[in-house]
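As structure tokens, the structure follows; a few thoughts come after it.
Since the structure is predicted, the reported quantities are computational estimates derived from the model, not experimental observations.
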Amino acid sequence: MNGEPRKSAAIEALAKIKEAEEQARAIVREAREKLSVEIIKGATGEAEEIKITTLARAKEEAETHKKVILEKAVEEAEKIKAEAEKETAEMRRRASALMAEVVKKMSLKVKEFLEGRPV
């Protein structure tokens, strides 16, 4: 019977070691799960910050681009308006010069017409 108490103490020690190993594995597994959740939360937060920053930068760039396009459009519209005003002035000048000539010719034709008719 000398061997049995030693054997049972050794078996108990092994059982306690096994139990401790299982507890350690459970602790490691739980730590991994918590760490995974924390990493995912952190990554999600960083992704949201990056999204907000990128969106704000894109909006600023779009606004700047819009302003540049509007400024160019206004400049182009002013050039077109100035050119149209020049053309209108030139047309009026030509029309004025031609109008005097047309009035003169029409007066002569009316005069000839009236002179050719018996009164």
Side-chain angles (χ1 to χ4, degrees):
M1 292 232 220
N2 279 345
E4 280 186 32
R6 279 188 179 175
K7 207 175 190 184
S8 99
I11 291 175
E12 273 185 47
L14 285 174
K16 285 183 181 181
I17 291 172
K18 244 185 181 182
E19 185 180 325
E21 287 176 346
E22 285 300 316
Q23 286 177 350
R25 283 188 199 111
I27 291 169
V28 168
R29 190 172 33 252
E30 184 179 337
R32 283 184 184 157
E33 289 172 1
K34 285 181 180 178
L35 184 60
S36 296
V37 169
E38 288 177 20
I39 290 171
I40 291 170
K41 282 182 183 178
T44 303
E46 286 179 32
E48 186 65 26
E49 287 177 23
I50 291 169
K51 181 178 106 178
I52 289 169
T53 303
T54 304
L55 183 60
R57 192 175 328 128
K59 283 182 180 179
E60 283 179 18
E61 289 174 6
E63 192 62 33
T64 301
H65 191 61
K66 177 182 165 185
K67 285 179 183 178
V68 168
I69 290 171
L70 284 174
E71 287 172 2
K72 286 181 181 180
V74 167
E75 287 175 13
E76 191 64 28
E78 288 174 358
K79 286 178 185 177
I80 292 169
K81 182 180 175 185
E83 188 64 32
E85 287 174 355
K86 280 183 185 178
E87 287 179 15
T88 302
E90 180 61 24
M91 292 173 101
R92 284 187 178 144
R93 188 188 62 76
R94 285 187 201 165
S96 178
L98 291 175
M99 191 60 102
E101 189 177 324
V102 168
V103 168
K104 195 182 222 183
K105 284 183 181 180
M106 287 305 292
S107 323
L108 288 173
K109 284 189 180 192
V110 169
K111 185 178 178 184
E112 288 174 9
F113 176 73
L114 291 176
E115 287 177 353
R117 295 190 94 194
V119 183

Quiz item: If you link I, L, V, M, F, W and Y whenever their side-chain heavy atoms are under 4.5 Å apart, who else ends up in the same group as Ile39?
Solution: Leu35

Self-check item: Shared hydrophobic cluster, Ile40 / Val37 (ILVMFWY, side-chain heavy atoms < 4.5 Å)
Solution: no

Self-check item: Hydrophobic cluster partners of Val102 (side-chain heavy atoms under 4.5 Å)
Solution: Met106

Side-chain donor-acceptor pairs under 3.5 Å in residues 49-77, sequence neighbours left out?
residue : atom : partner : partner atom : Å
Thr53   : OG1  : Glu49   : O            : 2.8
Thr54   : OG1  : Ile50   : O            : 2.7
Thr64   : OG1  : Glu60   : O            : 3.0

Quiz item: Rounded to the nearest 0.5 Å, how far does CD of Glu115 lie from CG of Leu108?
Solution: 9.5 Å

Exercise. List for me each residue that meets side-chain contact (heavy atoms from CB on, under 4.5 Å) alongside Arg93, sequence neighbours excluded, and say none if there are none.
Key: Glu90

Practice problem: Give, for atom CD of Glu83 and atom OG1 of Thr88, the distance between the pair rounded to the nearest 0.5 Å. | Solution: 10.0 Å

Exercise. Not counting sequence neighbours, list each pair that qualifies as a salt bridge (charged side-chain N to carboxylate O under 4.0 Å, His left out) and has a residue in residues 97-111.
Key: Glu101-Lys105

Practice problem: Sort and list the pairs that fulfil side-chain hydrogen bond (donor to acceptor under 3.5 Å, both in side chains) and have at least one residue in residues 19-44, not counting sequence neighbours. | Solution: Glu22-Arg25, Glu30-Lys34

Exercise. Please go through Met99's hydrophobic cluster and name the other residues, only I, L, V, M, F, W, Y counting, with side-chain heavy atoms under 4.5 Å joining them.
Key: Val103

